[in-house]
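Below: one structure, written as structure tokens.
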Amino acid sequence: MKAYLLRRIALMIPTLFGITIVVFAAVRFLPGDVVDQIIGPDVTYVNPQTRAAIEQQYGLDQPIVKQYLWWIEDLAQGNFGRSIISGRPVLQDLGERIPVTIELGLLGLIFSLVIALPVGVIAAVRQDGWADQIARSAAILFLAIPSFWLALIVIIYGFNWFGWTPPLRYHQLWESPSANIRILWIPGLILGAHTAGAIMRLMRTTMLEVLRQDYIRTGWSKGLRERTVITRHALRNAVIPVITIIGLEIRGLVGGTVILEAIFSIPGMGNFLLSSIQQRDYPVVQAVVLLTAVIVVISNLVVDISYSLIDPRIRYSS
Amino acid sequence: MTGSEQAATIDTSVLSSGRQRIQRSRWSSLRRFVRQKPLGAVGGAIIILLLFVALLASVLAPYGYDTIKVSDRLLGMSLSHPFGTDEQGRDILSRVIYGSRVTVYIGFGAIILSTVIATLVGMVSGYFTGLFDLLIQRVVDVWLSFPGLIFVIFIVSIFSNHTPILIITLGLLYAAGASRIIRSSTIAIKESQYVESARAIGASHLRILTRHIFPNVVPIVIITASIQIGSVILLTASLSFLGFGPPPPFPSWGRMLQEARPQMVYHPNLAIFPGLAIAIVVYAFNMFGDAIRDVMDPRMRGAR
């Protein structure tokens, strides 16, 4: 287990470096040079001395590799630069927003698992029954419906039928947990819908495959109760491929938070990303893109570790 | 049917030209596909309809996509405007019809680009294992770490939101995942005996890759592309919704939904129809992709 963990973490290091290279390189392609961005769009003329002074101050006269290494050094110390708009360190501006996005993403994941796993199992156990038919149609539907459309429909008919409007003021989880959940549960549910569709379909398929195995027949013939056969014998093996797809869905969930934060005015990283792009506040944009990618990498590590905990074969194969 | 009659039919089929025979077997395999995979066939029909609508948008649309008529603003559904009109008096049906073009351009453009890159990278990386493969796979790892939506927003905000940039970014994004699948099937095919014997008689790497591996990878390539395209279209719509899609005035379904937001509570038709268009098209591609996968490779059934 220890060797597996070490190998898995060692593979993460080149990925993290690659992410920083992509983000660093992309920002260099911005129209206009970095000095113009630092000064902001309102200033049209900068005299050469000032320009040179700024370039020197930010190290822009140095070779690009050196600039990159400085930037990495800063990142390692938790220094993501300063926001051009607010003038504060980026991490300070992001501080309260990171947990909001993570909470929304986790809510989406939890909702999708809580719905999809039992429904997928029931659909497989009662194959071709009415529950299976409904579950399959719903899964197909959720895979095709865009989350932002679902959100708009909820807002339109929530208001027209129930007089409900999304709350305008946001409450942090630590300020008021109940108010916070009341704000986030609907966006979380909508975010999880697509993932739920994908997980449910796979859960059903793998469950059907496992239920045809010999050892399940043995379980039945031993006279075990249905619940024991399903939960103890079948589910444990059927859930393994499902964990892989959870790893794949995490990227979509993190991306999806941007849309739901924008629609429900939730002050998370996604909303901040959109407003920072509008204001061309690139230190912030750079930091958000970097952090979301790191969140994906870490989540995948967690998924892989839980994978190896459930399936010992992963641990021992090299 | 008597024995002699049967012999006669067989006779004529033998005499008919080869091309006709192929055509007939194509028709019968199409008929079999429709019978075995009704949902996939419905999906295929919707895709053909989409292509047809996109191609003939200027003929089919009752109004122009940008014909502003302030006196007709926010009309409900009626005979002259089946889907109603928007805040500027533009006909929603016409805009939905024209919006299919963006979906087709970007959806197919990105998937074609992604498939070409993924096939090249996946085959070469899987065939030449070792250091080269290791390096390529670390690059793919990096690519797979960025959440798609955030990455495209980032790139579009740096360059521009013109259609070619969107197609290239989406194509590169989806190529990473697809190349993994193609790589692993290349590795499996490489171990087969016919590749080994080709190597034994001294075939070059290029010949083995193009003549022996590529034809066997094609089904996987088609399956991957047909399954990814629904997701590409969803992502494109999300981008347009957030304002990072192709620039106005040419309509896209995602942007129509964004523009609907201020009025949609009292005029739900503004938000219903563009969203319905996205959902139906994505549904069609998903169903078609599933059916293609089941027909071409039954082992992959249900795996997505």
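None of the values given here were measured: they were computed from a predicted structure. Just so it is clear: chains get the letters A, B, ... in the order the sequence lines come, proteins before strands, and each one is counted from 1. Computed over heavy atoms, backbone and side chain alike; hydrogens, waters and symmetry mates excluded.
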One should read off an interatomic distance between B/R261 CZ and A/L152 CG, to the nearest 0.5 angstrom, of 6.5 Å
Relative to chain B, which of A/I155, A/I140, A/L248 shows the most heavy atom pairs under 4.5 Å? A/I140
Side chain, backbone, both or neither: which part of B/L276 has a heavy atom under 4.5 Å from chain A? both
So how far is it from B/F154 CZ to A/T292 OG1, rounded to the nearest 0.5 Å? 9.5 Å
Counting only heavy atoms closer than 4.5 Å, note whether A/V289 contacts chain B via side chain, backbone, both or neither. both
Scored by heavy-atom pairs under 4.5 Å with chain A, the best of B/D141, B/I233, B/L257 is B/L257
Heavy-atom distances under 4.5 Å only: say whether A/I19 touches chain B with side chain, backbone, both or neither. both
Exactly one candidate in A/T257, A/V258, A/V254 meets side-chain contact (heavy atoms from CB on, under 4.5 Å) with B/P147; the answer is A/V254
Tell me whether the rings of A/F148 and B/F241 are parallel (<30°), tilted (30 to 60°) or perpendicular (>60°). parallel
CZ/B/F273: more than 12 non-hydrogen atoms of other groups inside 6.0 Å: yes
Counting only N and O atoms by type, is there a donor-acceptor contact under 3.5 Å from the side chain of A/W149 to the main-chain atoms of B/A271? yes
How close do A/I277 and B/S157 get, counting heavy atoms only, and between which atoms? CG2-CB, 3.6 Å
Heavy-atom pairs under 4.5 Å with chain B, option from A/I295, A/L290, A/V285, A/I263 with the top count: A/I263
Criterion side chain to side chain contact (heavy atoms under 4.5 Å, CB included) on B/W143 and A/T15, from CA distance to verdict: CA-CA 9 Å; B/W143 231 229; A/T15 312; over 6 Å; no
So how far is it from A/L273 CG to B/I150 CD1, rounded to the nearest 0.5 Å? 6.0 Å
With A/T20, which residues qualify under side chain to side chain donor-acceptor pair (under 3.5 Å), at least two apart? A/Y68
At a heavy-atom separation under 4.5 Å, does B/L242 approach chain A through its side chain, its backbone, both, or neither? side chain
Under 4.5 Å from any heavy atom of chain B, what part of A/V288 do you find: side chain, backbone, both or neither? neither
Evaluate A/V23 against B/F146 for side chain to side chain contact (heavy atoms under 4.5 Å, CB included), listing each step before the verdict. CA-CA 10 Å; A/V23 173; B/F146 291 103; 3.9 Å; yes
Check each atom of B/I280 against the heavy atoms of chain A and say whether the ones under 4.5 Å are side chain, backbone, both or neither. neither
Heavy-atom closest contact (A/V296 atom, B/L144 atom, distance): CG1-O, 4.3 Å
Cut-off 4.5 Å, heavy atoms of chain B, and the answer for A/L208 is neither
Can you tell which part of B/F285 gets under 4.5 Å to a heavy atom of chain A, answering side chain, backbone, both or neither? neither
Atom of A/P14, atom of B/V142 and distance for their closest heavy-atom approach: O-CG2, 4.3 Å
Do A/N160 side-chain atoms and B/V265 backbone N/O form a donor-acceptor pair below 3.5 Å? yes
Applying side chain to side chain contact (heavy atoms under 4.5 Å, CB included), run through A/L11 and B/Q137 and close with a yes or a no. CA-CA 11 Å; A/L11 269 180; B/Q137 289 317 306; over 6 Å; no
Just by modelled atom types, is the B/S145 backbone N or O under 3.5 Å from a matching donor or acceptor in the A/R251 side chain? no
Is chain A contacted by the side chain of B/L235, its backbone, both, or neither, given a heavy-atom distance below 4.5 Å? neither
Contact between A/I145 and B/I278 at the side-chain level, heavy atoms closer than 4.5 Å - yes or no? no
Can you tell me which of A/V294, A/V22, A/I250 forms the most heavy-atom pairs within a distance under 4.5 Å of chain B? A/V22
I want to check something: taking the side chain as every heavy atom from C-beta on, are A/I153 and B/M264 in contact at a cut-off of under 4.5 Å? no
Heavy-atom cut-off 4.5 Å, strictly under: side chain, backbone, both or neither for A/Y157 against chain B? side chain
Flag, side chain of B/R138 to backbone of A/G18, donor-acceptor distance under 3.5 Å: no
